[in-house]
Amino acid sequence: MPSPSNLVAPTASITRRQREARNGHRGVAILLTGLPASGKSTLAQGLHAALFEQGKQSLVLDGDALRGGLNQDLGFTDSDRLENIRRASELAALLVDNGQIVILAMIAPLAELRAVFAERLAADYREVWCSASLAVCEGRDPKGHYARARRGELPGFTGVGSPYEQPLHASLVLDTGVLSAQQCVERLLAWLAPELDSGESSF
């Protein structure tokens, strides 16, 4: 394997600025973080559909989908969780550099994991906390994971056997235990609109 110091990325024939000009908006990465069943995937898809209707270029990187493909070799040890986030951050960076609005729906339970996104994506990164309570999320339990975790079948499951650290500096907080999915999407769109419409970066 070549040493990283010997690797040189090719110069792009089309710049990020050109792509953003073509798209009519800048590229950004938005992490929807929260407990399992807090509504991250639902909101990610709702936001994606709304942006599509507006003619904007976006895509969703969903934690479950990534673990079923790109990251299927990873488990849930501390090191595997970190690698899962690292790979997602690298993929998001590539897509943002191509002028895309990247919507990440991932638990990313610890501050140190979310810091990987912040460091890799820098000014292009924002966190949105889907802040539904543990009681609400466990009451939903659409996949039956909380019930299995309570029976000891899923050790280390976030919220039961492993902690979720609440974001201290989220750009937007959505109480997904109270607000409807449509209300959350509307708030997301209103929050994003000034940045995406102007093409200016204050992220």
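Residue numbers start at 1 and run along the sequence shown. The analysis underlying the following values was restricted to heavy atoms, covering all of them including side chains, and did not include hydrogens, waters or symmetry mates.
Residue Leu47 holds its CG atom at 15.0 Å from CZ of Arg187, rounded to the nearest 0.5 Å. From Leu32, atom CG reaches atom CG of Leu172 across 9.5 Å, with rounding to the nearest 0.5 Å. Atoms CG and CG, on Asn23 and Asn98 in that order, are 9.5 Å from each other to the nearest 0.5 Å. From His145, atom NE2 reaches atom NZ of Lys143 across 6.0 Å, with rounding to the nearest 0.5 Å. In this structure, NZ in Lys56 is found 13.0 Å from CD in Gln100, a value given to the nearest 0.5 Å. A distance of 3.0 Å separates OG1 of Thr33 from OH of Tyr164, quoted to the nearest 0.5 Å.
Between Ala181 and Thr42 the shortest heavy-atom distance is CB-CG2, 4.1 Å. Taking both residues in full, the closest heavy atoms of Ala108 and Ile85 are given as CB-CD1, 4.1 Å, listed atom of the first, atom of the second, then distance. Residue Asp141 comes nearest to Ala147 through the heavy atom pair OD2-N, 3.1 Å, listed as atom of the first residue, atom of the second, then distance. Listed here is the closest heavy atom pair of Arg81 and Ser162: NH2-OG, 4.2 Å. For Ser58 against His48, the heavy-atom pair with the smallest separation is OG-ND1, 2.8 Å. Heavy atoms only, all atoms of each residue included: Leu121 and Ala29 are closest at CD1-CB, 3.8 Å.
Put simply, the side chain of Tyr146 gets close to the backbone of Pro36: a donor and an acceptor are under 3.5 Å apart. Checked by atom type and distance alone, the side chain of Thr176 pairs as donor or acceptor with a backbone atom of Ser38 at under 3.5 Å. For the pair Arg140 (side chain) and Ala37 (backbone), a donor-acceptor distance under 3.5 Å is present. Without hydrogens or angle criteria, Arg67 side chain to Gly75 main chain gives a donor-acceptor distance under 3.5 Å. Of the possible donor and acceptor atoms, none in the side chain of Asp175 sits under 3.5 Å from a partner among the backbone N and O of Leu179. Within the 3.5 Å criterion, the main-chain N or O of Val116 finds no donor-acceptor partner in the side chain of Arg86. Side-chain atoms of Arg16 come within 3.5 Å of backbone atoms of Gly27 as a donor-acceptor pair (strictly under, hydrogens ignored).
Under 3.5 Å, the side chains of Ser171 and Arg126 contain a donor-acceptor pair of N or O atoms.
Leu154 is connected to Leu134 through a chain of hydrophobic side-chain contacts under 4.5 Å among Ile, Leu, Val, Met, Phe, Trp and Tyr, so both are in one cluster. Both Phe117 and Leu95 belong to a common hydrophobic cluster when Ile, Leu, Val, Met, Phe, Trp and Tyr are linked at side-chain heavy-atom distances under 4.5 angstrom. Val185 and Trp129 end up in different hydrophobic clusters when Ile, Leu, Val, Met, Phe, Trp and Tyr side chains are linked at under 4.5 Å. Criterion: ILVMFWY side-chain heavy atoms under 4.5 Å apart, direct or through other members. Under it, Leu104 and Leu110 are part of a common hydrophobic cluster. Linking Ile, Leu, Val, Met, Phe, Trp and Tyr whenever their side-chain heavy atoms come within less than 4.5 Å leaves Phe76 and Leu82 in two separate clusters.
At a threshold of 4.5 Å between non-hydrogen side-chain atoms, the residues Leu51 and Ile103 count as touching. Side-chain contact check for Leu59 versus Val102: some heavy-atom pair is nearer than 4.5 Å. For the pair Leu66 and Met106, the minimum side-chain heavy-atom distance is below 4.5 Å.
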Let's go through Leu192 and His25 carefully: what are the C-alpha distance in whole Å and the side-chain angles of both, what is the deciding distance for side chain to side chain contact (heavy atoms under 4.5 Å, CB included) to 0.1 Å, and is it a yes or a no? CA-CA 11 Å; Leu192 277 174; His25 59 78; over 6 Å; no
Determine, step by step, whether Leu188 and Leu174 satisfy the side chain to side chain contact (heavy atoms under 4.5 Å, CB included) criterion, reporting the C-alpha distance in whole Å, the side-chain angles of both residues, the deciding distance to 0.1 Å, and the verdict. CA-CA 9 Å; Leu188 281 164; Leu174 298 171; 3.9 Å; yes
Cys130/Leu43 under side chain to side chain contact (heavy atoms under 4.5 Å, CB included): CA gap, chis, key distance, verdict: CA-CA 9 Å; Cys130 299; Leu43 293 192; 3.9 Å; yes
What verdict does the side chain to side chain contact (heavy atoms under 4.5 Å, CB included) test give for Arg87 and Leu74, after you've listed the backbone C-alpha separation in whole Å, the side-chain angles of each residue and the deciding distance to 0.1 Å? CA-CA 11 Å; Arg87 292 183 193 177; Leu74 300 176; 3.9 Å; yes
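Within a 6.0 Å sphere centred on CD of Glu112, heavy atoms belonging to other residues, nucleotides or ligands number 12 at most. Remark: Asp80 CG is packed, more than 12 non-hydrogen atoms of other residues, nucleotides or ligands lying under 6.0 Å away.
Figure legend: Arg114 and Tyr125 shown without cation-pi pairing, the cationic atom not lying both under 6.0 angstrom from the six-membered ring centre and within 45 degrees of its axis.
Note on Arg26 versus Asp124: salt bridge recorded, some NZ/NE/NH1/NH2 to OD/OE distance being below 4.0 Å.
The side chain to side chain contact (heavy atoms under 4.5 Å, CB included) test with Lys40 is passed by exactly one of Asp64, Asp62, Ile107: Ile107.
Scored by the salt bridge (Lys or Arg N to Asp or Glu O under 4.0 Å) test, Arg150 finds Glu138 as partners (sequence neighbours excluded).
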